[in-house]
Amino acid sequence: MSLIQAILIGLMSCTAASTIACLGTTVGNYTLNRPLVASLFVGLILGDVPGCILVGMPMQVMWIALVTPGGTVASDLRAVSYIGIPLAYVGAKAAGMDLAGKDAAGLASSISAMTGVIGITLFYGTAMMNLIWQHIGWARLDKGDLGIIGKVDALFPLISHFVLSFLPVTLLCYYGADAVTEIFASLKTDVWYVKALITVGAVLPAVGIAILLKSVVTKTTDLIFFAFGFALAKSMGLTLIAATAVGAVFALINYQLTMVKAGGGGAAIDDDDEEDV
């Protein structure tokens with residue numbers, strides 16, 4: 001990986017931060033921060049969009065149910081997306097793995113778990129540094145300096161993200177990519193500890209699905225629809241977009257039946273009759 005590529009990935013990590021002023025939480029934390037979205041931009045930078053997306057897919061499944069309620073942050077996906085994806089990609093390529101295979105998916109999941117810990121450090125480190133700017137802002141406001149408000153809100157946080165997002169990501173991608181390449185190029189993937197790493201990583205996406213089910217499924221019978229969707233998609237050979245379209249149709253049917261059962265359909269008919277009269 002060249003220095004220019006590492007710098008571009010570092011800049012992307014800044015835009016994907018959850019608190020950066022210019023993009024906000026919706027564009028940053030809940031869009032650019034996600035591995036599947038980030039894999040597109042990392043792929044454009046590294047020159048292999050399909051390969052990076054294949055690496056990012058198991059990471060996305062693993063963290064699919066991640067939310068940040070209040071100040072609780074289980075893992076900052078900024079590091080997973082912009083450190084984990086490049087390192088997993090170069091590692092899988094160096095080891096000669098098929099990027100669409102199980103070994104590459106297991107490696108990607110394992111690396112994403114490790115880089116997620118780095119992300120927590122970056123997140124809380126940035127928050128602590130921003131507290132310094134807040135104290136400076138309050139002190140200047142007490143002296144009547146209203147111009148400090150804009151600086152504390154927009155300018156100073158950019159310094160925090162440069163120090164604790166851009167620099168770590170850039171350095172880890174630039175130096176870490178070469179280290180990972182050398183390690184996996186000389187490492188035998190049939191060694192027991194490498195197999196263990198890949199095997200454990202292959203199980204991790206199932207954890208993400210389980211957490212998602214725990215937050216979505218409200219009663220046991222809901223699992224029937226979940227299993228039916230997988231069986232239908234597998235038997236019909238549906239793509240992700242086609243499966244989404246089929247699911248939307250079933251969701252609409254379920255909604256209409258629920259409204260009829262609740263008496264919504266009857267009320268709508270009465271309104272039409274009154275208008276005709």
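Remember, predicted model here, so these are calculated numbers, not experimental data.
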Rounded to the nearest 0.5 Å, what separates atom [atom1] in [X] from atom [atom2] in [Y]?
X	Y	atom1	atom2	value
Ile149	Arg140	CD1	CZ	11.5 Å
Ile9	Ile83	CD1	CD1	10.0 Å
Ile7	Leu171	CD1	CG	9.5 Å
Ser2	Ile45	OG	CD1	10.0 Å
Thr258	Ile253	OG1	CD1	11.5 Å
Leu36	Cys52	CG	SG	12.0 Å

For the residue pair [X] and [Y], what are the closest heavy atoms and their distance?
X	Y	value
Leu172	Leu87	O-CD2, 4.0 Å
Ala88	Ala108	CB-CA, 3.9 Å
Cys14	Phe166	SG-CB, 3.5 Å
Pro35	Gly56	CB-O, 3.8 Å
Asp98	Ala104	O-CB, 3.2 Å
Cys173	Met1	O-SD, 3.5 Å

Tell me whether [X] shares a hydrophobic cluster with [Y], the cluster being built from Ile, Leu, Val, Met, Phe, Trp, Tyr side chains joined at under 4.5 Å.
X	Y	answer
Met128	Trp133	no
Leu44	Tyr89	yes
Ile4	Val169	yes
Ile136	Val152	yes
Leu257	Phe250	no

Quick one, [X] and [Y] - any side-chain contact, counting heavy atoms below 4.5 Å?
X	Y	value
Ile148	Lys151	yes
Phe41	Thr15	no
Tyr82	Leu32	yes
Leu99	Asp48	yes
Asn130	Phe156	no
Met59	Ile85	yes

(message) Tell me if the CG atom of Leu252 is crowded by more than 12 foreign heavy atoms within 6.0 Å.
(response)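 Enclosed: over 12 neighbouring heavy atoms sit under 6.0 Å from CG of Leu252.
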
(message) Would you say that more than 12 heavy atoms from the other residues, nucleotides or ligands in this model lie under 6.0 Å from the CE of Met57, or not?
(response)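 Counting other residues, nucleotides and ligands, CE of Met57 stays at 12 neighbours or fewer.
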
Has the side chain of [X] got a donor or acceptor atom that lies under 3.5 Å from a matching backbone atom of [Y]?
X	Y	value
Ser13	Arg78	no
Ser235	Leu232	yes
Thr115	Ser112	yes

(message) Quiz question: by atom type and distance under 3.5 Å, do the side chains of Ser160 and Thr126 form a donor-acceptor pair?
(response)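 No, no side-chain donor-acceptor pair sits under 3.5 Å.
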
